[in-house]
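To keep things clear, I will list the structure first and then write my remarks on it.
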Amino acid sequence: MNAKQRKVIYRIMPYTILTLIGICFILPLLWVLVASIDSNAMQSLNLPHRLTEANYVDVIRNHGNQRAFLIGLIMSGGQAILVVILGLLAAYPLSRYQLKYKKSFMLTILFMTSLPITAVMVPVYQLFLSIKLYDNIFGVILFYVASSMPYGIWMLKNFMDSVPSDLEEAAWVDGASVFVGIRKVVAPLMIPGICTVAIFTFSGSWGNFFVPYILLQRPENFPASLKLYQFFGQYGMVDYGKLAAFSVLYAIPSVVMYILSQQFMSKGFGLQGGTKG
Amino acid sequence: MSSLAVNALHKKRKSYTWFYFLFPSIAIMLVFFIYPILLTFFYSFTNLALTGESAKELKFIGLDNYIHMFKDPAVKVSIWNTLIFLFGSAVIGQQVLGFIIALLMKHKKRAFRRVIGTIVLAGWVTPEIVCALCLYSFFGDEGTLNSILAFLGIQEVTWLYTVPMLTIILANIWHGTAFSMLVFQAALDDVPSEIEEAAVVDGASRWQVLSRIIIPYIKDTITTNMMLVTLQTLGVFGLIYAMTGGGPGNSTTTLPIFMYNQAFVNYQLGYGTAISLLLLVIGIVLSLFYVRSMK
């Protein structure tokens, strides 16, 4: 092999390897997309027999499915809102005040962000039985809020650190309370940060299966993730088309959230202008 | 208004407000997060059960759960399975594949990077139960992979029965690689190109540039990423549960699945908790290292 051939191979090889990886990654995904519009979907990826929207129509028309999607939205949305509100409140003194144990508190928070939730679910189940929160949608929301609070506090504190305090002080001088200062001055300047936290908590719980699986019992309380699993177990072998359509619909909020998060992250923080002039 | 007056306002406000601000989130974390962690330690020394004699009366049984655990051959199997799953899918799979993708993508055409990046990210964005379904059907007896093999004239394989561990490892690689890819893309962008160029001028081979310059330069990123990926993989439940249910037999029963079976299928909550403590301790140790690496 001469040097020239070598050079050509080095140029082509990365493209070949990456293309192969790309094909391996896309095949399983392609199946779910194609099967969802196939009138006679099989387990294997095939060209559709006949293109149909019937799978989607059936899934969307089903009241049980509508309910499961609504419950999922309430859970994840409720969690995201609570995490942002409580997180902003907690982040404020951590960002603005000199507190004695701030550093160790923040390190504890960081430590808690990485603990595996799976490991505490058995005691949480027992706790929920004894305080009558078992099989309760709001109980699940409370647990979701608690488990993502460390992440929320950590992120919001760091975002808040980049908001200059001069603006807020000006508001105080004009007679605003600390609360009003946060609501009218600090929070609006942290919109990208707030959205990032809301999006990540939302999609984390939207995709979660284990927590609702342990904490909920009656099928009418099931969010979309559990409903899909139930669907998978009951009819999975029979009706791939509907199963795939349900999966695609269920994955859409996660995809949308991801795209939104990219928007917020690329915009960054144009806050410097706020204190000029 | 002078800055003195502003300072006075600061002082007046901070004296009492910080507590009210922190209280709601600390309270909710104490009740629903920290208390359950403490309960894990407590329950693991009890005979807590959902049904039967012991359900009526909670008793301290000392180290019985732990003695049982060390004697139980199923525990050894699940620890072993967990280690294989962790190494195969997280430490090696996601990290190495993520690194390779990030490295190969460097300096490639933008459109190409976008397409490959989006495909890999799609697996990450997809919820785990959908991932399980996609890969279940991919590896199924009449699934896509077997259709391809049949098309090529190769003997088909019952993947989910013959090599179940491999299928869940590949599924988790499919689901998680994008995270490592993003982390390594950012890290590789930080490696100054002058150093690489200087090494090439001095006659270093590609392999030497990689092993002597790039990898040492991003060493800290590799450590942090390794811990994060391991922590994420340690808690994986839904993906395995929906794909194989821990089977066939107990060939894909990792610790989370084993914990679930003991606690909710056999109703032995105390024993299940002892197993979750094992998970928790591994998680705590890794998290401590993670926090140290972030300091």
Side-chain angles (χ1 to χ4, degrees), chain A residues 14-15 17-18 21-22 25-29 31-32 42-45 86-87 89-90 92-93 97 99 107 110-112 114-124 126-127 142-143 145-147 149-150 153 169 172-173 178 206-207 209-210 225 228-229 232 240 243 247 250-251 254-255 258, chain B residues 1 6 9 13-14 17-18 21-22 24-25 28-29 32-33 36-37 39-40 43 48 101 104-105 108 115-116 119-120 122-123 125-130 133-135 137-138 140 142-144 147 174 228 231 234-235 237-238 242 256 259 263 269 272-273 276 279-280 283 287-288 290-291 294:
Chain A
Y15 284 98
I17 296 173
L18 284 173
I21 292 174
F25 268 82
I26 207 172
L27 280 176
L29 203 64
W31 170 79
V32 79
M42 296 294 184
Q43 199 181 43
S44 164
L45 177 62
L86 297 183
L89 285 180
Y92 187 78
Y97 299 163
L99 300 176
L107 286 174
L110 180 65
F111 167 72
M112 284 167 69
S114 55
L115 284 182
I117 296 299
T118 315
V120 297
M121 286 321 288
V122 182
V124 170
Q126 185 63 24
L127 174 69
L142 282 178
F143 178 72
V145 171
S147 63
M149 216 57 242
I153 294 177
E169 281 162 5
W172 294 352
V173 172
V178 176
W206 180 259
F209 167 75
F210 195 46
S225 57
L228 175 60
Y229 176 74
F232 191 13
Y240 281 112
L243 189 60
S247 304
Y250 166 57
S254 304
V255 175
Y258 176 75
Chain B
M1 212 181 217
V6 171
L9 276 170
R13 271 162 185 164
K14 95 177 165 196
T17 35
W18 69 268
F21 279 84
L22 275 167
S25 40
I28 201 169
M29 285 193 290
F32 294 108
F33 199 28
I37 292 176
L39 278 181
T40 312
Y43 283 148
L48 186 67
I101 297 174
L104 293 179
M105 289 241 262
K108 295 295 172 296
V115 172
I116 301 292
I119 292 172
V120 177
V125 173
T126 306
E128 62 175 344
I129 297 296
V130 179
L133 171 67
C134 288
L135 284 127
S137 85
F138 183 75
E142 284 151 26
T144 309
S147 308
W174 190 80
L228 278 181
L231 279 162
L234 193 64
F237 177 86
M259 170 196 89
L269 288 181
T273 315
S276 54
L279 271 179
L280 194 62
S287 300
L288 285 175
Y290 168 64
V291 171
M294 291 289 281

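Residue numbers begin at 1 in each chain, while the letters A, B, ... track the order of the sequences.
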Point to revise | Among B:Gly143, B:Pro36, B:Gly238, residue most engaged with chain A (heavy-atom pairs, under 4.5 Å) | key: B:Gly143
Exercise for review: Can you tell which part of A:Phe111 gets under 4.5 Å to a heavy atom of chain B, answering side chain, backbone, both or neither?
Suggested key: both
**Study point:** Residue, of B:Leu279, B:Ile119, B:Val115, that accumulates the most heavy atom pairs under 4.5 Å with chain A
**Key:** B:Ile119
**Study point:** Engaged part of B:Leu234 at the chain A interface, taking heavy atoms whose separation is under 4.5 Å
**Key:** side chain
Exercise for review: State, yes or no, whether a side-chain contact exists between B:Met259 and A:Val122 at a heavy-atom distance under 4.5 Å.
Suggested key: yes
**Study point:** Donor-acceptor contact below 3.5 Å, side chain A:Ser254 vs main chain B:Pro127
**Key:** no
Exercise for review: Kindly indicate whether the side chain of A:Gln126, heavy atoms from C-beta on, has any atom under 4.5 Å from the side chain of B:Thr273.
Suggested key: no
Revision key, fill the gap. Cut-off 4.5 Å, heavy atoms of chain B, and the answer for A:Ile21 is side chain
Check your understanding: Sequence neighbours excluded, which residues qualify as side-chain hydrogen bond (donor to acceptor under 3.5 Å, both in side chains) partners of B:Ser287?
Key -> A:Ser114
Exercise for review: Report the option among B:Leu288, B:Leu231, B:Ile129, B:Leu228 that has the most heavy-atom pairs separated by less than 4.5 Å from atoms of chain A.
Suggested key: B:Ile129
Check your understanding: Within a strict 4.5 Å, meaning less than it, do heavy atoms of the B:Ile37 and A:Leu115 side chains meet?
Key -> yes
Review point. Checking B:Ile116 against chain A: side chain, backbone, both or neither under 4.5 Å from a heavy atom?
Key: side chain
